[in-house]
Amino acid sequence: MGRWTAEDDTVACALDVNDRAETVRVPPRRTLADALRDHGLTGTRLGCEHGVCGACTVLMDGRPARSCLALAVQAEGSRIETIEGGAPELPALRRAFDEGGALQCGFCTPGFLMLAAGLLRAEPDASPDRVREVISSNLCRCTGGVPILNAVLAAQRELAGSPR
C-alpha cells in the first residue's frame, strides 16, 4: 500500500487507470472516486457516496466496483477502468443506450455503462434475467429499468455478432 509522508499527510499511490500507470499523492482516506475526479476523470459520478446508487461504478481488475467505497490506496496494484477508458464493450453499449432511449438526464449513465461492460465481459451469454438482476443494483430516477435492460441486451447481441 502507498507510502506515507508525514510532512503533507498524503501517500504516494501507484495506480493503473485506463492503461496508464501513474503515481498520485492522496490523503490516506481519499476514496478512489474522489481521487479519480481530483485527477480529471470526472465521468465517475458521485451520487449517494454510500455504495447504494452505483453512479460511481468503475471496473477494478475487470469487475464492477463502487469507487465511493474503496480508498485510492486500496486500488494500488489493481487495473482500474473508468468511463473515459477504452473498454471494448463501451461503443456498443453507448450506441444501444442512445438508440434505445436508455438515458435522460445522464447522471447515472456512466455507472450503468461500466456495470454493463463488466457483466458482458464476464458473462457474454448472460440471460435476460441475469442482466435484469445485475442492472437492478444501480439506480436511475429518470429513465427506469426497461429501456436500460433493453439497451444492455441490444449491446449484448451486437457484441455477439447477432443482428440488432
Side-chain angles (χ1 to χ4, degrees), residues 1-6 8-90 93-94 97 102-124 126 129-145 147-149 151-152 155-156:
M1 217 176 282
R3 294 175 44 164
W4 182 61
T5 306
D8 64 4
D9 289 331
T10 64
V11 293
C13 185
L15 296 176
D16 177 358
V17 180
N18 298 329
D19 294 323
R20 187 171 166 204
E22 199 170 319
T23 299
V24 297
R25 298 200 65 79
V26 294
R29 305 275 311 151
R30 174 77 75 220
T31 66
L32 177 58
D34 286 334
L36 293 169
R37 293 180 61 76
D38 290 349
H39 290 87
L41 298 173
T42 57
T44 300
R45 306 290 169 79
L46 289 173
C48 69
E49 297 188 61
H50 294 285
V52 175
C53 73
C56 67
T57 302
V58 298
L59 298 183
M60 187 178 298
D61 295 326
R63 299 181 58 174
R66 310 289 197 188
S67 63
C68 73
L69 296 179
L71 298 177
V73 295
Q74 291 174 307
E76 195 167 44
S78 295
R79 182 171 181 253
I80 307 300
E81 296 172 76
T82 71
I83 193 67
E84 292 91 354
E89 302 83 5
L90 287 178
L93 283 163
R94 284 183 172 128
F97 268 62
L103 53 99
Q104 284 183 26
C105 82
F107 187 83
C108 66
T109 304
F112 272 106
L113 291 172
M114 296 311 293
L115 178 69
L119 170 65
L120 296 178
R121 185 178 301 171
E123 300 177 45
D129 285 341
R130 175 68 176 143
V131 174
R132 181 180 295 108
E133 174 188 4
V134 170
I135 67 168
S136 71
S137 68
N138 280 24
L139 299 177
C140 174
R141 296 187 183 272
C142 299
T143 305
I148 294 170
L149 171 65
V152 174
Q156 181 186 44

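Only this structure's heavy atoms are used, side chains among them; waters, hydrogens and symmetry mates stay out. Since the model is a prediction, treat every value here as computed from it, not as a measurement.
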For the student: nearest non-hydrogen atoms of P110 and G43, plus distance:
CB-O, 3.3 Å
Side chain to side chain contact (heavy atoms under 4.5 Å, CB included) partner of M114, the single match among L93, V58, L59, N138:
L59
Of the non-hydrogen atoms in T31 and D34, which two are nearest, and what is the gap between them?
OG1-N, 3.0 Å
How about I83 and L90: do any of their side-chain heavy atoms sit closer than 4.5 Å?
yes
Rounded at 0.5 Å granularity, tell me how far CG in L115 sits from CG in L119.
7.0 Å
With rounding to the nearest 0.5 Å, note down the distance linking CZ in R20 to CG in L41.
9.0 Å
Quick one: side chain to side chain donor-acceptor pair (under 3.5 Å) partners of S67, sequence neighbours excluded?
none
Looking at A126, is its backbone amide N or carbonyl O close enough to the side chain of Q156 to form a donor-acceptor pair, meaning the two atoms are under 3.5 Å apart?
yes
Taking every non-hydrogen atom, the tightest pair across I148 and F97:
CG2-CZ, 3.9 Å
Cationic N near anionic O, under 4.0 Å, R121 to E81
yes
Atom of R45, atom of R37 and distance for their closest heavy-atom approach:
CA-NH1, 4.2 Å
Closest non-hydrogen atom pair, L71 against Q74
N-OE1, 2.7 Å
Using a 3.5 Å distance criterion without hydrogens, assess whether the side chain of T143 forms a donor-acceptor pair with backbone atoms of Q104.
yes
Spell out, as yes or no, whether a donor-acceptor pair under 3.5 Å connects the side chain of E22 to the backbone of L15.
no
Roughly how far apart are R66 CZ and S137 OG, rounded to 0.5 Å?
4.5 Å
When you measure from the side chain of D61 to the backbone of R79, do you find a donor-acceptor pair of N or O atoms at a distance under 3.5 Å?
yes
So CD1 of I80 and CE of M60: to nearest 0.5 Å the spacing works out to 4.0 Å
Nearest 0.5 Å, what's the CG-SG distance between L46 and C53?
8.5 Å
Side chain to side chain donor-acceptor pair (under 3.5 Å) partners for R132, two or more places apart:
D129
Closest non-hydrogen atom pair between A151 and A102, with its separation
CB-CB, 3.7 Å
Polar side-chain atom of D9 near backbone of P27 as donor-acceptor pair, under 3.5 Å
no
